Amino acid sequence: VQLQASGGGLVQAGGSLRLSCAASGKIASVDDMAWHRQAPGKQRELVASITSGGSTDYVDAVKGRFTISRDSAKNTVYLQMNSLKPEDTAVYFCNARIRRYSNSYYYQAYWGQGTQVTVSS
């Protein structure tokens, strides 16, 4: 199983970016999906998460600006980021809990490779 993240880049403050993360490989089902970020010198933090049923949660710093969504048919999670601020600059990582075999109840966490988001002031 692989998670491939894309969509990062350089944007001015107030701009927007949309991140995508697609899971591929042998997949029976995908449970929770999420985006995390890690800024230089800081710990990785959870930014947003979405359950298989579509319930979402956000860290306070991005509420009202970021929107997480998913396309379950494509095993893909998105992060729409609006009104970006310089403090949003970080490497963004996606992760997902994935069940590989239909005859198993075991879910394992997988991580994408990270995509750089840089917001200039």
Side-chain angles (χ1 to χ4, degrees):
V1 173
Q2 288 187 325
L3 269 63
Q4 183 68 42
S6 61
L10 173 64
V11 64
Q12 289 189 332
S16 298
L17 284 173
R18 188 190 193 212
L19 306 183
S20 299
C21 177
S24 61
K26 185 170 180 58
I27 297 172
S29 62
V30 181
D31 195 15
D32 295 356
M33 305 183 83
W35 288 95
H36 301 245
R37 67 185 178 187
Q38 187 166 19
K42 295 187 177 182
Q43 289 188 329
R44 189 175 298 190
E45 67 169 347
L46 175 63
V47 175
S49 63
I50 184 167
T51 68
S52 57
S55 296
T56 60
D57 197 14
Y58 300 90
V59 67
D60 286 346
V62 308
K63 284 182 179 177
R65 300 188 297 121
F66 291 10
T67 302
I68 190 171
S69 61
R70 65 191 288 171
D71 184 335
S72 295
K74 296 181 179 179
N75 292 327
T76 299
V77 62
Y78 307 96
L79 187 67
Q80 178 66 44
M81 305 185 294
N82 299 329
S83 302
L84 282 161
K85 303 176 181 180
E87 50 263 44
D88 294 318
T89 295
V91 178
Y92 284 70
F93 299 89
C94 59
N95 89 310
R97 295 183 66 244
I98 295 173
R99 182 167 63 104
R100 295 189 63 194
Y101 304 102
S102 58
N103 61 352
S104 170
Y105 293 102
Y106 177 68
Y107 282 85
Q108 182 173 348
Y110 292 88
W111 288 87
Q113 83 284 9
T115 184
Q116 177 71 47
V117 171
T118 303
V119 184
S120 63
S121 56

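This one's a predicted model, so the numbers in the text were calculated from it and none came from an experiment.
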I want to check a possible cation-pi pair here: Arg70 against Tyr78, using under 6.0 Å from ring centre and within 45° of the ring axis as the test. no
Check whether any side-chain N or O of Thr89 sits under 3.5 Å from a backbone N or O of Thr118 as a donor-acceptor pair, and report yes or no. no
What verdict does the side chain to side chain contact (heavy atoms under 4.5 Å, CB included) test give for Arg37 and Glu45, after you've listed the backbone C-alpha separation in whole Å, the side-chain angles of each residue and the deciding distance to 0.1 Å? CA-CA 5 Å; Arg37 67 185 178 187; Glu45 67 169 347; 2.7 Å; yes
Go through Asn82 and Ser16 one step at a time and tell me if the side-chain hydrogen bond (donor to acceptor under 3.5 Å, both in side chains) criterion holds. CA-CA 4 Å; Asn82 299 329; Ser16 298; 2.9 Å; yes
Parallel under 30°, tilted from 30 to 60°, perpendicular over 60°: which one fits the rings of Phe93 and Trp111? perpendicular
Between Met33 and Thr76, does a side chain to side chain contact (heavy atoms under 4.5 Å, CB included) hold up when you go through it step by step? CA-CA 9 Å; Met33 305 183 83; Thr76 299; 6.0 Å; no
Using every non-hydrogen atom in the two residues, find where Arg100 and Val1 come nearest and quote the distance to one decimal. NE-CG2, 3.7 Å
So if you build clusters from Ile, Leu, Val, Met, Phe, Trp, Tyr with side-chain heavy-atom gaps below 4.5 Å, do Val91 and Val119 land together? no
Does atom CD of Gln2 have more than 12 heavy-atom neighbours from other groups under 6.0 Å away? no
Could you measure the distance from the CG atom of Leu10 to the CG atom of Leu17? Nearest 0.5 Å is fine. 9.0 Å
Same hydrophobic cluster for Ile50 and Tyr107, using side-chain heavy-atom links shorter than 4.5 Å among ILVMFWY? no
Run the numbers on Leu19 and Met81 for side chain to side chain contact (heavy atoms under 4.5 Å, CB included), then give the verdict. CA-CA 8 Å; Leu19 306 183; Met81 305 185 294; 3.7 Å; yes
Which atom of Ser102 lies closest to which atom of Ala28, heavy atoms considered: N-CB, 3.6 Å
Spacing of OG belonging to Ser29 relative to OH belonging to Tyr105, to within rounding of 0.5 Å: 11.0 Å
Hey, does the side chain of Arg65 reach the backbone of Ser83 with a donor-acceptor pair shorter than 3.5 angstrom? yes
Which pair of non-hydrogen atoms, one from Ala96 and one from Val30, has the smallest distance, and what is that distance? CB-CG1, 4.1 Å
Please report the interatomic distance CH2(Trp35) to CG(Asn95), rounded to the nearest 0.5 Å. 10.0 Å
I'd like to know if the side chain of Gln113 reaches the main chain of Ala5, judged simply by a donor and an acceptor atom lying under 3.5 Å from each other, with no hydrogens or angles considered. yes
Is it the case that atom CD in Gln108 sees more than 12 heavy atoms from other parts of the structure closer than 6.0 Å? yes
Correct closest heavy-atom pair for Ile68 and Thr56 would be CG2-CG2, 3.6 Å
If you measure only the distance, is there a donor-acceptor pair under 3.5 Å linking the side chains of Tyr58 and Ser49? no
What is the minimum heavy-atom distance between Asp31 and Ser52, and which atoms define it? OD1-OG, 3.7 Å
Identify the heavy atoms of Ala48 and Leu79 that sit nearest to each other, and give their distance. CB-CD1, 4.2 Å
So, are Lys63 and Asp60 salt-bridged, with charged N and O less than 4.0 Å apart? yes
Would you sort out whether Asn75 and Ile27 count as a side chain to side chain contact (heavy atoms under 4.5 Å, CB included), showing the intermediate values? CA-CA 9 Å; Asn75 292 327; Ile27 297 172; 3.9 Å; yes
